[in-house]
Every structure is written in C-alpha cells, then in structure tokens.
Number of protein chains: 2
Amino acid sequence: MSTLPDKTVERLSQYRRNLLICDAKGKEHIFSHEIANIHHITPVQVRRDIMLIGYTGTLRKGYNVKELVELIGQILDKPEGQNVAIVGAGNLGRALIKYFVNRRKNLQIVAAFDIHPEKIGTSLVGVEVYPLDQLKQIVKEKNICIGIICVPVNEAVPVTALLVDAKIKGILNYTPRPVNVPENVYLEENDMVTSLEKVAYFAKNKN
Amino acid sequence: MSTLPDKTVERLSQYRRNLLICDAKGKEHIFSHEIANIHHITPVQVRRDIMLIGYTGTLRKGYNVKELVELIGQILDKPEGQNVAIVGAGNLGRALIKYFVNRRKNLQIVAAFDIHPEKIGTSLVGVEVYPLDQLKQIVKEKNICIGIICVPVNEAVPVTALLVDAKIKGILNYTPRPVNVPENVYLEENDMVTSLEKVAYFAKNKN
DNA sequence: TCTCCTTTGTTAATTAACAAACAAAGTTAA
DNA sequence: TTAACTTTGTTTGTTAATTAACAAAGGAGA
C-alpha cells in the first residue's frame, strides 16, 4: 500500500478508537453517516477514507465494525509492534505515560528519560526512568523507534540530536521550539502555545 | 481584517515567539529566509503570510523585528486580553499551567477546575482550583472566554456541555473523545493518541 | 412486479495550501 | 555610471484536501 494522505491517517486512527467503543457495545455494523456524526465530518469523507484503504462495506448494512477495525490495524500498526520512549519525566511526560499505558498492544511506552538525578530509577505507572545519557544504549536494547519530546523548551534541540543519533525513526515534539531532523526521521510538532493562540484568535471573532 | 487562513494563524503565532527571542538578542531586522529556516518552511511562505497581514519590510534589510511583533500582536491578540480556564487539574492541566503562567500578558490562565475534593482550593503555580460545579459562576466573574479540556476521556462530553453553557467562546480539547459545540464556539481538537499513532504510521515506513 | 429509498463506491469539481517564478527596487562594486 | 546581486511583493502554477455529484445495488412497500 502506498502511503496514505496525512489527514486520512489521522482520521483512521480516530475512527478506530470509536469503532472499538462501538464493538464493545455489541454494535456489529455502522454506516458512514454514523461515523461522520461522531467525528463532525461528512459521510463522503468517511467513505473516501475507507475506500483508500480498500475496504468495502455492504449495501444497506454499512461497514462491519470488527472487520474495519482489523483492517485499520493492518494499515496503521506494525505487526511486531513499536516501542516508544518519553523524554522528559515532568507533568506532560507523566500525563502521556498514564494515557498510553496498557492501551495499545502494538504501541508501548517502554522507557522514560530525564536529566534530574532524583527521578532516575523511579517508575511512572510501570515505566522506568533512565538518565538521559543512557538514551542511545537503552533505545538500542529496547528496540525503541519513536521518541516523544516533553522536556523544557531549551532542551528540545539537544534532545532531538540525541534521539536522531540513537537512530529513532519518528519524533513527536511537544515543545514550542521547532527542531530539525534528517530525511529518514518523521517529525510531528505539536505546540501547545500555538494551539492556544489559535483558539484565542478564532474565539475573538465569535459573537 | 477578514479572518486569516487557519495555517497562517498558526505560523504567525510561531513566528512571533521566535521574533521575540531575536528581539531579546538585540536583532533589529530579519530576512524572510531567516524566519523560514527556523520554522523549516520556504521564504515564500513567510513572505506570503506577512503580506496577508499587510506588513511590508524594507529591501535589503528585511523586516523590522519589533514592528512585526507589534503587528502580529494586533492581529492575534485581543487588546483587553483573554482569560483562560483549565478544566482538569491532573498532570496535563498542571503541565499547561506551568507552560503558560507569566508567559503572555494577553492570554492568561486565571482558573482551574476539578472534580476531586482534595484538589479544590489548592493552587497550581498561582492558579486556584475550583470545583467543577462553580464553573459557570467563575467563568462569568472572571470573564473567561477560553476553556482547555484536560479531564479523563469519559468526562470530555459533559465538561464541554458545561463550558458551552457558561458561554465560553473557544475550546481546546486535549482528550481523544471528539466533542460537539454549537456554531458560535470555536473548537480545536488536539488528540495525543492520534498524534502518536500518526507518527507511528509514518515512522514505520522510514528505512 | 415495479417504483422508491437508502447507502455505498467512485469520479469530477472545487477549494485551500504551498511552491515557483519573476518584476521592482535598492545596494554594492567594478 | 552601470552591471550584478539581493531581497521583497505579488502573480501564476501545482499539489493536496475536501466536497459535490451520481451510478450501482439491493431492499421495502405499494
């Protein structure tokens, strides 16, 4: 499968999460307009996304929930799983760990890193905190391919360098400092300050 | 000024943050390609954004840093400021408060809300925690127009209803549950699970 | 049986976002 | 003085994303 559009990938992730809830409720089939309502998009968008992954529903019954979840899994997940590291064991790091622990078999947070000596060796919801200078070694040992940066803003750049040096394949940067990565690393920036300023701008124009 | 494109607003917010750093370093002028390098975009994009807000630089010197910061402020900020509430005083709420406190004069977090009795009345970095059932009243008293949702996922929907009822104008939702708002409220969803799954998908395809 | 209705799957059109191209203007240097 | 260079501002083209449009299929109900 050639790589899917950015936005489609995001939506598939969201669809799956709600499909799992539907499945847990015993719902066997779902229509495109039901999915659309949950996510505030159009049914056409949903059908288009599903078309792109090559699934096909049945007329008048819609999509089989279990089958669709299964297929989205085949698209999004790596069969052997992917291990994730949190860099920065502050409030945000802890929030992320709590969110993810025991949620997804195929995407597990297996290590946290921090620079503060008093945090080293402690465990956050079962995830051990290692010193930053062991990052490269632990990444290799634990076969980690994704890093989430949630350190204070000034450390974003050096931490990125560490992750790149450790041969990480994907980085999710939660600091407001834009960072640089080479071609062979996927980078996603998620800047909370910008998100809030954006909401503020558009809220300003609401009656 | 008619409302700017979504993406332009995001970039202006980011430009400003780095321009302030430049200003603090005493840099008076900056070229479009310098801004572009910092943010990993093209100089053309930068010039286009700046064109959209009607600023004009000087040939061979570039843009005046102070003037540009000032103008972006006029575009993005509300002169009388905007007050923000955090709903959910967990790890993520604390992370956000720490991020924002004393950062921006025009965008201040003035209250936090939580459902757990033991948190009520405590103060996080100077921001007091109120019980959830006082939300409407406090929002009115403190003239809050933006709410950031960082409660556990199951409470996202009822909390949104509370915020809408309290006549909030903008909502930033950090839970993975999509929520519904009426026309006159701006909603931004920022789902960490999706962000991570997206990174995982694209990282999978890196060599 | 036949018509209408619902819902999918797909193509076509539109819109939004980004990038390329280049004229204009002023600076430097020969 | 004049030619080359730099950098902005704007137009035009291109790519990506969304929306609109509609054929096909297969019930439901008259």
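In what follows, every chain begins at residue 1, and chains take the letters A, B, ... in the order their sequences are listed.
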### Message
Tell me the interatomic distance from Phe31(B), atom CZ, to dC5(D), atom P, rounded to whole angstroms.
### Response
17 Å
### Query
Side-chain donor-acceptor pair under 3.5 Å between Asn83(A) and Gln108(A), yes or no?
no
### Nearest-angstrom distance from the residue atom CE of Met51(B) to P of dT11(D)
7 Å
### DNA chain D contacts among residues 57-66 of chain A, heavy-atom distance under 4.0 Å
Leu59(A), Arg60(A)
### Query
Under 6.0 Å from the NZ atom of Lys98(A), do we count more than 12 heavy atoms belonging to anything else shown?
no
### Query
Between dT7(D) atom P and Ile35(B) atom CD1, what is the distance in whole Å?
13 Å
### Message
Any side-chain N or O of Ser32(A) below 4.0 angstrom from OP1/OP2 of dT8(C)?
### Response
yes
### Message
Let me confirm one number: the CG-CD1 distance from Leu68(B) to Ile30(B), rounded to the nearest 0.5 Å.
### Response
8.5 Å
### Message
Between C1' on dT8(C) and CD1 on Ile53(A), what's the gap in Å once rounded to a whole number?
### Response
15 Å
### Message
Do the side chains of Lys66(B) and Glu28(B) get close enough for a salt bridge, i.e. N-O under 4.0 angstrom?
### Response
no
### Query
Got a sec, which pairs hit side chain to side chain donor-acceptor pair (under 3.5 Å) with one end in residues 55-65 of chain B, sequence neighbours left out?
Tyr55(B)-Glu67(B)
### Query
Lys7(A) side chain: which of dC18(C), dA17(D), dT7(C) is closest?
dA17(D)
### Message
If you only use heavy atoms from C-beta on, which nucleotide in dT8(D), dC18(C), dT18(D) is closest to the side chain of Arg11(A)?
### Response
dT18(D)
### Query
With a 4.0 Å cut-off on heavy atoms, is Thr8(A) in touch with a base, just the backbone sugar-phosphate, or nothing at all?
nothing
### Query
Rounding to a whole Å, what distance do you find between Leu68(B):CG and dG9(D):C1'?
15 Å
### Task
Provide the full list of side chain to side chain donor-acceptor pair (under 3.5 Å) pairs with a residue in residues 144-170 of chain B, sequence neighbours left out, each pair given once.
Lys136(B)-Asp165(B)
### Task
With sequence neighbours excluded, tell me which residues meet side-chain contact (heavy atoms from CB on, under 4.5 Å) with Asn37(A).
none
### Query
Going by the side chain to side chain donor-acceptor pair (under 3.5 Å) test, which pairs reach into residues 12-21 of chain A, not counting sequence neighbours?
Ser13(A)-Arg17(A), Ser13(A)-Thr194(B), Ser13(A)-Glu197(B), Tyr15(A)-Asp49(A), Arg16(A)-Asp77(A), Arg16(A)-Glu197(B), Arg17(A)-Asp191(B), Arg17(A)-Thr194(B)
### Between P of dA17(D) and CG of Asp6(A), the distance in whole Å
6 Å
#### Entry: Pairing of Glu34(B) and Lys27(B) as salt bridge, 4.0 angstrom limit
yes
Set out, line by line, the N/O atom pairs under 3.5 Å between protein and nucleotides 19-21 of chain D.
from: dT19(D); atom 1: O4; to: Arg48(A); atom 2: NE; distance (Å): 3.3

### Message
What's Pro43(B) touching, base or sugar-phosphate or nothing? Going by heavy atoms closer than 4.0 Å.
### Response
nothing
### Query
Ile30(A) CD1 to dT7(C) P: how many Å, rounded?
13 Å
